[in-house]
> 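Handing you this structure, nothing more for now.
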Amino acid sequence: MWGGRVGALPRVGGFWLTGVLGRKPSCNAASLKGNNSPQCWNCGGSGNLIEGDGFFCPQCRALQPPDPTRDHFSLMDCNRSFRVDTAKLQHRYQQLQRLVHPDFFSQRSQTEKDFSEKHSTLVNDAYKTLLAPLSRGLYLLKLHGVEIPEGTDNKMDRQFLMEIMDINEKLAEAQTEAAMKEIECIVRAKQKELTDSVSRAFEQDTRELPCSLSCP
C-alpha cells in the first residue's frame with residue numbers, strides 16, 4: 001500500500017524527522033484527542049481517568065461512573081478465555097470490593113454513593129458470571145454475538161440425557177454415604193470432561209460447543 005517503509009517517526013531535539021509519513025502531528029488532532037478524553041464529573045479535570053483501574057479521578061480522587069464499554073473480563077482483569085484462574089478471580093473480586101463497596105462511601109457525596117452502588121453491582125455480576133463454567137461460557141458466546149436461550153434442550157444429546165437419568169436413579173437408590181460419594185465422583189469426572197471439551201472448542205474457535213453447555 002505504501003511506497004516506502006512505514007514505522008514510528010523518531011523525534012530528536014524537538015523536531016520530527018521527515019519520512020514516508022513525514023508530517024508532524026497537527027495541533028488540531030492533538031486537541032481533538034484531548035477533547036475526546038473523559039473528564040471528571042467533580043473537578044472537570046481531563047487527566048487520564050483510565051489510568052490504573054479507572055475508578056478514581058487522579059486529580060481530586062472522586063469516584064467516577066462505571067465505564068459502559070468495559071466487559072466482565074476486563075473488569076476482573078482476566079483474559080477473554082474460557083479458562084479462568086478462579087483463585088486470581090477471587091482475589092480481584094476482593095480487591096475491587098475494597099475499592100468501591102458502598103460501606104466505604106457513607107461519608108462521601110450522594111453522587112459517589114450512587115456510583116459506588118453501581119460499581120459494586122457490576123463487580124458482583126462479573127464475579128458470579130465468570131466463576132461458574134456455564135455462565136462464563138454463555139457470556140463468552142454473547143460477546144461473540146451468539147446467545148443461547150435459557151432452558152434450550154431440544155437438541156440435547158440422547159446419550160448425555162441417558163447418563164443424567166442413570167445418575168438420578170443411582171441417587172434415588174443410594175442408601176449409604178459411600179454410595180453418595182461414589183456418585184459425587186462420577187458427577188465431578190463428567191463435569192470435568194465436559195468443561196475440558198468446551199474449553200477446547202473455544203480455544204479452537206469453532207463455536208461447535210457440546211449441547212450440554214446450554215442444559216440446566
> Flag the pair Lys118 / Val100 as yes when at least one side-chain heavy-atom distance between them is below 4.5 Å, and no otherwise.
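No, their side chains stay 4.5 Å or more apart.
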> Is the charged tip of Arg98 near the ring of Phe104: under 6.0 Å from the six-membered ring centre and within 45° of its axis?
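Judged by the rule (NZ or CZ under 6.0 Å from the ring centre, within 45° of its axis), Arg98 is not positioned above Phe104.
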> Specify the closest pair of heavy atoms between His144 and Leu140, including all atoms of both residues, with the distance to one decimal.
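Of all heavy-atom pairs spanning His144 and Leu140, the closest is ND1-O, 2.9 Å.
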> What verdict does the salt bridge (charged side-chain N to carboxylate O under 4.0 Å, His left out) test give for Arg188 and Glu184, after you've listed the backbone C-alpha separation in whole Å, the side-chain angles of each residue and the deciding distance to 0.1 Å?
CA-CA 6 Å; Arg188 289 187 180 278; Glu184 181 182 359; 3.2 Å; yes
> Side chains of Asp71 and Arg80: closer than 4.5 Å at any heavy-atom pair?
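Heavy-atom side-chain distance check passes, below 4.5 Å.
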> Within a strict 4.5 Å, meaning less than it, do heavy atoms of the Glu112 and Trp41 side chains meet?
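Yes - at least one pair of side-chain heavy atoms lies under 4.5 Å apart.
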> In Å, rounded to the nearest 0.5 Å, how long is the span from CZ of Arg83 to SG of Cys78?
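Here the interatomic distance stands at 14.5 Å.
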> Has Gln110 got more than 12 heavy atoms of other residues, nucleotides or ligands less than 6.0 Å from its CD?
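Correct, the count exceeds 12.
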> Linking I/L/V/M/F/W/Y whenever any side-chain heavy atoms sit under 4.5 Å apart, do Ile167 and Leu134 land together?
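Shared cluster, no.
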> What pairs with Asp166 under salt bridge (charged side-chain N to carboxylate O under 4.0 Å, His left out), at least two apart in sequence or on another chain?
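Partners of Asp166 under the salt bridge (charged side-chain N to carboxylate O under 4.0 Å, His left out) test: Lys170.
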> Taking all heavy atoms of Asn124 and all of Gln97, pick out the closest pair and write down the distance.
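Minimum heavy-atom separation between Asn124 and Gln97: OD1-NE2, 2.9 Å.
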> Only one of Leu96, Thr129, Val84 clears side-chain contact (heavy atoms from CB on, under 4.5 Å) with Met76; which?
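The passing option is Leu96.
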> Is the shortest side-chain heavy-atom distance between Arg136 and Phe73 below 4.5 Å?
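Arg136 vs Phe73: side chains touch.
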> Locate the shortest heavy-atom distance separating His72 from Tyr139; write the atom from each residue and the value.
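Between these two residues, the closest heavy atoms are N-OH, 3.0 Å.
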> Does His91 NE2 have over 12 foreign heavy atoms under 6.0 Å away?
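It does not: His91 NE2 has 12 such atoms or fewer within range.
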> Within the 4.5 Å heavy-atom criterion, are Leu63 and Arg108 side-chain neighbours or not?
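Side-chain contact under 4.5 Å: no.
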> For residues Cys57 and Gln64, report the shortest heavy-atom separation together with the two atoms involved.
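Of all heavy-atom pairs spanning Cys57 and Gln64, the closest is CB-NE2, 3.5 Å.
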> Does one hydrophobic cluster hold both Val187 and Leu194, with members joined at side-chain heavy-atom distances below 4.5 Å?
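Different clusters: Val187 never reaches Leu194 through Ile, Leu, Val, Met, Phe, Trp or Tyr contacts under 4.5 Å.
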> Tell me whether the rings of Tyr93 and Tyr127 are parallel (<30°), tilted (30 to 60°) or perpendicular (>60°).
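Taking Tyr127 first and then Tyr93, their aromatic rings lie parallel (interplane angle under 30°).
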> Roughly how far, to the nearest 0.5 Å, is the CD atom of Gln107 from the NZ atom of Lys113?
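Those atoms lie 7.0 Å apart.
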> To the nearest 0.5 angstrom, please state how far the CZ atom of Phe82 sits from the CG atom of Leu141.
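The CZ atom of Phe82 sits 9.5 Å away from the CG atom of Leu141.
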> Roughly how far, to the nearest 0.5 Å, is CG of Leu143 from CG of Leu138?
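Going from the CG atom of Leu138 to the CG atom of Leu143 covers 11.0 Å.
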> Any idea which heavy atoms bring His119 and Pro65 closest together, and the distance?
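Minimum heavy-atom contact is NE2-C, 3.7 Å.
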> Check Ile183 against Leu171 and note the closest heavy-atom contact, atom names and distance.
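Of all heavy-atom pairs spanning Ile183 and Leu171, the closest is CD1-N, 3.7 Å.
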> With rounding to the nearest 0.5 angstrom, report the CD to CD distance, Gln95 to Gln90.
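One gets 13.0 Å once the value is rounded to the nearest 0.5 Å.
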> Please round to the nearest 0.5 Å and tell me the distance separating atom OG of Ser116 and atom CG of Leu99.
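One gets 10.5 Å once the value is rounded to the nearest 0.5 Å.
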> Under the salt bridge (charged side-chain N to carboxylate O under 4.0 Å, His left out) rule, collect the residues that match up with Lys192, sequence neighbours excluded.
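Once residues adjacent in sequence are excluded, the partners of Lys192 under the salt bridge (charged side-chain N to carboxylate O under 4.0 Å, His left out) criterion are Asp196.
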> Side chains of Gln59 and Asn42: do they bring a donor and an acceptor to under 3.5 Å?
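No, no side-chain donor-acceptor contact under 3.5 Å.
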> For Glu193, is there any backbone N or O sitting under 3.5 Å from a side-chain donor or acceptor partner on Ser197?
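Side chain of Ser197 to backbone of Glu193, a donor-acceptor pair under 3.5 Å: no, none is there.
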